[in-house]
Amino acid sequence: MAETVSKYYRVAGEPLVQWHDAIAEIINSGVNDTAVDHLIDTLRLLVNADGSSLIVYPEGLQPYCPFRKRGDGSDPRIHIDQYLDSAYLLDPFYGLTVEKPATEGVYPLSKVAPSGFKQTEFYRVYYRVVDFGDEICLIVPTPDNASIHISISRQDDKARFSESQRALLQRLFSTVRAILLKWWSESQQENLSKQKVSTLNARLDSALANFGSSILTQRETQVLQLILRGYAVKFIAQKLDISPETIKHHRKNIYSKLDISSQAEMFHLFIDSLRMMRADSPADPLAEYLQPARQ
């Protein structure tokens, strides 16, 4: 046991010192953007991760990402703009932000993502392209219904996060939570009110719920929603209490009516139709997006 503890501290000693230094700096200088930026990078080092980022999901507004780090020095903004624009709607971690009561805690991707997630176009575009192999998310809801997420990621050629690393983040969570809530109350609420942050978020949530409803039957629309979110045929069948063969039949009809042939095309049709949305657009973004082709 003593040898195991000694080995742990030889490996993690320096990051632990940096963690305590980060907390000491916050005590001395207060909670500010620099302190939070240092904090998320220290969390990355503590569990030997490759990347870390902080994304805020304000209620009724689109998310924004004030801090992101990559250990290899690569550009951490790869595909982040399109993600923040609309694709975040299909992120399983974002799905936790709209749950009631609000979700809080430390969540590994393996416990959050649906069974077919790694076969989705969302995964291919937003995980494979940036070489994400594993991810842990620390989720902190705020009193005004925003949600702050710290994402800790590891590249695909690395081992998955261990149980002890997850447990370490869990032990630190109460401290991280207190710091983020202090940061939010003292700086971000005021900063957010000064920013030109789009109020499109609420309409985007509605667009996802209504995507395809002007063309498809109610049941087909339900199936489409679940396919987009990455659920496998077997799960969809169980959720809707119908047979897998019926789900496959619905999927075939969906592809035919939308003139697509794959889940990848479905994903890009969804993203492209959202880009065309305006304040006065119909509930189903496809109603307007496909109108020229159907005239």
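Residues: numbered from 1 along the sequence shown.
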Distance-only donor-acceptor check, side chains [X] and [Y], under 3.5 Å:
X	Y	result
Ser151	Glu135	yes
Thr221	Gln225	no
Thr42	Gln18	no

Item to check | Heavy atoms of other groups near His249 NE2, more than 12 under 6.0 Å | outcome: no
Item to check | Whether over 12 other heavy atoms sit under 6.0 Å from Lys239 NZ | outcome: no
For a 4.5 angstrom cut-off between non-hydrogen side-chain atoms, does [X] reach [Y]?
X	Y	answer
Val140	Ser147	no
Arg251	Val233	yes
Glu288	Ser281	yes
Pro141	Asn145	no

Gap separating the [atom1] atom of [X] from the [atom2] atom of [Y], nearest 0.5 angstrom:
X	Y	atom1	atom2	result
His250	Leu240	NE2	CG	8.0 Å
Ser52	Ile152	OG	CD1	5.0 Å
Phe173	Ile139	CZ	CD1	8.0 Å
Arg219	Ile247	CZ	CD1	7.0 Å
Leu84	Ile55	CG	CD1	5.5 Å
Trp19	Leu168	CH2	CG	8.5 Å

Item to check | Ion pair check, Glu104 and Arg177, cut-off under 4.0 Å | outcome: yes
Checklist entry - Given Leu46 and Leu16, is the side chain to side chain contact (heavy atoms under 4.5 Å, CB included) satisfied, shown in steps? => result CA-CA 7 Å; Leu46 272 174; Leu16 280 173; 3.6 Å; yes
Checklist entry - Which pair of non-hydrogen atoms, one from Asp284 and one from Gly212, has the smallest distance, and what is that distance? => result OD1-N, 2.9 Å
Checklist entry - Can you name the closest pair of heavy atoms from Phe161 and Ser153 and give their distance? => result CZ-C, 3.9 Å
Evaluate the ring planes of [X] and [Y], with Trp represented by its six-membered ring, and classify them as parallel (under 30°), tilted (30 to 60°) or perpendicular (over 60°).
X	Y	result
Phe270	Phe211	perpendicular
Phe67	Trp183	tilted
Phe122	Phe117	tilted

Checklist entry - Sequence neighbours excluded, which residues qualify as side chain to side chain contact (heavy atoms under 4.5 Å, CB included) partners of Gln263? => result Thr120, Ile227, Tyr255
Item to check | Worked verdict on Leu180 versus Ile150 for side chain to side chain contact (heavy atoms under 4.5 Å, CB included) | outcome: CA-CA 10 Å; Leu180 291 182; Ile150 294 180; 3.8 Å; yes
Check whether [X] reaches the backbone of [Y] with its side chain - one donor and one acceptor, N or O, closer than 3.5 Å.
X	Y	answer
Arg160	Gly133	yes
Arg68	Gly51	no
Ser185	Lys182	yes
Ser213	Asn210	yes
Glu220	Thr217	yes

Checklist entry - Taking it one step at a time, do Val112 and Phe93 satisfy side chain to side chain contact (heavy atoms under 4.5 Å, CB included)? => result CA-CA 7 Å; Val112 174; Phe93 286 117; 3.8 Å; yes
Next on the checklist: For a side-chain hydrogen bond (donor to acceptor under 3.5 Å, both in side chains) check, start with the C-alpha distance between Glu25 and His38, then their side-chain angles and the critical distance, and finish with the verdict.
Outcome noted: CA-CA 10 Å; Glu25 181 62 27; His38 186 202; over 6 Å; no
Checklist entry - Of all residues at least two apart in sequence or in a different chain, which pass the ring pair (Phe, Tyr, Trp, His ring centres under 6.0 Å) check with His149? => result Tyr57
Checklist entry - Can you hop from Leu45 to Leu169 via hydrophobic side chains spaced under 4.5 Å? => result no
Next on the checklist: Working note: Asp144 + Glu59, criterion side chain to side chain contact (heavy atoms under 4.5 Å, CB included); need CA distance, chi angles, decisive distance, verdict.
Outcome noted: CA-CA 8 Å; Asp144 56 346; Glu59 185 179 38; over 6 Å; no
